[in-house]
Protein chains: 2
Amino acid sequence: MATLDDIAKLAGVSATTVSRVINNYGSLSEKTKTKVFEAMRELNYQPNSLARSLKGKKTQLIGVILPGVSNPFFGQMVQEIEDQLFKKGFRIILCNAGSDAEKERDYLRMLMANRVDGIIAGSHNLGIEEYQKVGLPIISFDRYLSDEIPIVSSDNYHGGELAAQALVRSGSKKLQIITGANHPNSPTNARLTGFKDELKKSDLDFDVMEISFSATPNIKGLKIKELLSKREVDGIFCTDDLTALLVIQQAKALGMRVPEDVRLVGYDGTNFIQSYHPELTTVMQPISDIVMVMIDLLLKRVDDHDCELEDNYVLPVKLITGETTA
Amino acid sequence: MATLDDIAKLAGVSATTVSRVINNYGSLSEKTKTKVFEAMRELNYQPNSLARSLKGKKTQLIGVILPGVSNPFFGQMVQEIEDQLFKKGFRIILCNAGSDAEKERDYLRMLMANRVDGIIAGSHNLGIEEYQKVGLPIISFDRYLSDEIPIVSSDNYHGGELAAQALVRSGSKKLQIITGANHPNSPTNARLTGFKDELKKSDLDFDVMEISFSATPNIKGLKIKELLSKREVDGIFCTDDLTALLVIQQAKALGMRVPEDVRLVGYDGTNFIQSYHPELTTVMQPISDIVMVMIDLLLKRVDDHDCELEDNYVLPVKLITGETTA
DNA sequence: ATGAAAGCGCTAACAC
DNA sequence: GTGTTAGCGCTTTCAT
């Protein structure tokens, strides 16, 4: 692979001059510029960004740590992150942390070793104290990581309220929440709180069922089947859309009709769900806006490591009404 | 951020020694090792992989160029790639090329500039001659890129045959194929050919409808609606599962029953579809195996740029039978 | 068992 | 308008 020196030799100038041409810096004669450009073309030259970054420049690399990209919600989020970051000249290193805290720690070390300019983190793992001392700009999605790390999230509390309202409005009397395991400090808990608080107004009964985020769809389906077979609930709020899909599936299998026998509200409202399951009433998170805010904040910190930021940035959610609460 | 020299000073040894400790190289006394390790811990030291790579080492970075990760198929594929590569000590730079050839070219340049060790590419863009001269190990998924680049794919031809068989077996008489726009040199065409060839045996009629891969679900839905309203077909093969979902949606809206009025076979068989749409008959691509082969080949080329590889690696597909062809 | 010194490819004063 | 030089943080001979 050609180096700056190769170009310099071929163009008959010094390395500095080539560097100047590349970075469009200082004053160059048209003649040299042309010569250098030609040489670059001829050797199919690409400046070694490793060397560049070594000299103190940014790497233009951002680490993205999320549970995993096979989930449509995070798939869309990563796509959005990649898209917006690309336009600003950054690339991303994708880190699927899954539910493996050790892997997440490894990734954190690697990202430090690679001198990424910053990190966007939104995994579900807890107790990773390493976040305290990465010494790199970090923005978190929807999780508390450390006191210094700003959290961007949608308005989970209001989302919970909206879900409750939709269920109540549709005439449900015996309500059920199906949610991931209860993580302390997680803004996601607010979905629950909002839901409960809203219900207090109407004095209705409800139950909470927790199913680990990392359980397989089969396991989740089983638990849902158990729940539904009792035929005791007529309104369900799932704190994510995929679980809601499972409820529809199991209800159908049990001969229960949605929404006649049981009403249903999901959460997330990805493009995928909106296109392929428009029947589902759900609370839509503004993924694009969330990402925009995260990137904005992150790049601010990249430019100035010590710039002051709020602890929390909360973006509005929206209820999308489908037939499952008709 | 601490450097090797900082550690050397703190431990009271030379930089060379620290380097030896890090790389577990040459002969070291236990005493020095301990001192150095302590210093590293104290300063939360991470070796600068940029500097390391500059010295001729590999970057342990692999570029992954795909249409986009918000599609469940590619989402699962990327997740699989990331997973398998992580275990071998590599990280990935994610490049969503979308349907933007210029973006793909940009990414190619960036990947060269970043000195990634290799590239896995499976975008849908055509006419990117740059692949000819990247000078980096590349493996392609399901697309022809250049004569030197091996293609790994599932057995598209047999997949087409299986789809046809399933439809015929279920008693369909007037068949329809819905597929992406016909790209020259794309192994995906084989799905069509396999389907057609199989049909010749049974002497049934069929039509082909092309819908661009990059069309929105709404657009696709519209075309499908037009098609279905004529009520002329009773068996449909979609060359991807998401389109099949759209067919189910439109059929329902038109009051047509699946499979009574129209039978349906999809293609891909992701975990997502298997879990959330088990009713869909589909041809499953062995994503995990495909990725394993791609990575195996890629790493061979990383170790030895000139190692001989086959042009094509074809992995077996499997028909998953659901109720849409019952 | 350890250190000194050169160099990977690039940028940025500092000359002229 | 262009060249010289000194590093960035690390690895790697070659000494000792």
Side-chain angles (χ1 to χ4, degrees), chain A residues 1-40 43-61 109-117 135-136, chain B residues 1-40 43-61 109-117 135-136:
Chain A
M1 191 139 275
T3 78
L4 199 153
D5 268 316
D6 298 333
I7 307 295
K9 251 160 235 159
L10 209 168
V13 296
S14 78
T16 313
T17 303
V18 178
S19 176
R20 285 204 181 96
V21 174
I22 290 171
N23 298 294
N24 196 26
Y25 192 77
S27 47
L28 294 308
S29 77
E30 279 308 316
K31 238 167 68 180
T32 10
K33 273 192 193 173
T34 324
K35 273 192 303 184
V36 171
F37 278 131
E38 260 170 27
M40 286 173 54
L43 300 183
N44 193 214
Y45 171 72
Q46 290 298 333
N48 185 332
S49 65
L50 274 51
R52 243 196 247 222
S53 305
L54 227 209
K55 260 315 267 189
K57 299 251 176 191
K58 325 228 76 57
T59 53
Q60 302 295 114
L61 245 24
R109 277 182 225 114
M110 288 175 172
L111 293 178
M112 292 176 69
N114 277 296
R115 300 302 190 263
V116 295
D117 293 336
L136 243 36
Chain B
M1 192 140 273
T3 77
L4 200 154
D5 269 316
D6 298 333
I7 308 296
K9 251 159 234 160
L10 211 169
V13 296
S14 78
T16 313
T17 304
V18 178
S19 176
R20 286 204 179 93
V21 173
I22 291 172
N23 298 294
N24 196 27
Y25 191 78
S27 47
L28 295 307
S29 77
E30 279 307 317
K31 238 170 64 182
T32 10
K33 274 193 194 173
T34 324
K35 271 192 305 183
V36 171
F37 278 132
E38 260 171 27
M40 285 173 55
L43 299 182
N44 192 214
Y45 172 71
Q46 291 299 332
N48 185 333
S49 65
L50 272 53
R52 246 195 243 220
S53 305
L54 225 209
K55 266 310 272 185
K57 301 249 178 193
K58 324 228 77 52
T59 54
Q60 304 293 114
L61 243 26
R109 276 181 226 115
M110 287 175 172
L111 294 177
M112 292 176 69
N114 277 294
R115 300 302 190 261
V116 296
D117 293 337
L136 243 36

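The sequence lines fix the lettering, A, B, ..., with proteins before strands; numbering per chain opens at 1.
Between B:Leu54 atom CG and D:dT12 atom C1' the separation is 15 Å, expressed in whole Å. Rounded to an integer number of Å, the gap from A:Tyr45 OH to C:dG9 P is 10 Å. Remark: P of D:dC8 and CG of B:Asp6 are 11 Å apart, rounded to the nearest angstrom. A:Asn24 places its CG atom 15 Å from the C1' atom of C:dT11, with the value rounded to the nearest Å. In this entry the distance linking NZ of A:Lys9 with P of D:dT2 reads 19 Å, nearest Å. In this entry the distance linking CZ of B:Arg115 with C1' of C:dC8 reads 11 Å, nearest Å. A straight line from CE of A:Met40 to P of C:dG9 spans 16 Å, rounded to a whole angstrom. A:Ile22 places its CD1 atom 10 Å from the C1' atom of C:dG9, with the value rounded to the nearest Å.
Of the listed nucleotides (C:dC10, D:dG3, D:dC8), D:dG3 has the atom at the smallest distance from the side chain of A:Arg20. Among the nucleotides C:dG9, D:dT11, D:dT2, the one closest to the side chain of B:Lys57 is D:dT11. Ranking C:dG9, D:dG3, D:dT11 by closeness to the A:Val13 side chain, first place goes to D:dG3.
A side-chain donor-acceptor contact under 3.5 Å links A:Thr17 and A:Ser14.
Backbone-only contact: A:Thr17 has heavy atoms under 4.0 Å from sugar-phosphate atoms and none from a base. In this structure, A:Ser53 reaches neither bases nor backbone, as no heavy-atom distance under 4.0 Å exists between it and the strands shown. Residue contacts shown for B:Thr16 include a base, since a base heavy atom lies under 4.0 Å away. Across all strands, A:Ser29 comes closer than 4.0 Å only to sugar-phosphate atoms, never to a base (heavy-atom distances). Backbone-only contact: A:Thr3 has heavy atoms under 4.0 Å from sugar-phosphate atoms and none from a base.
Nearest heavy atoms, B:Gln46 versus A:Arg115: O-NH2, 3.3 Å.
Dashed line: the shortest gap from a side-chain N or O of B:Thr32 to OP1 or OP2 of C:dT2 is under 4.0 Å. Residue B:Tyr25 has no polar side-chain atom (N or O) positioned under 4.0 Å from OP1 or OP2 of D:dC10.
Looking at A:Val21 and A:Thr32, their side chains never come closer than 4.5 Å, going by heavy atoms from C-beta outward.
The residue among A:Leu28 and B:Asn48 whose nearest nucleotide of DNA chain D lies closer to the 5′ end is A:Leu28.
One finds the OG atom of B:Ser53 at 7.5 Å from the CG atom of A:Asn114 (value rounded to the nearest 0.5 Å).
Taking 3.5 Å as the limit, the base of C:dG9 and the side chain of A:Lys55 contain no donor-acceptor pair of atoms between them.
For B:Lys33 and B:Glu30, the salt-bridge test passes: some basic side-chain N is under 4.0 Å from an acidic carboxylate O.
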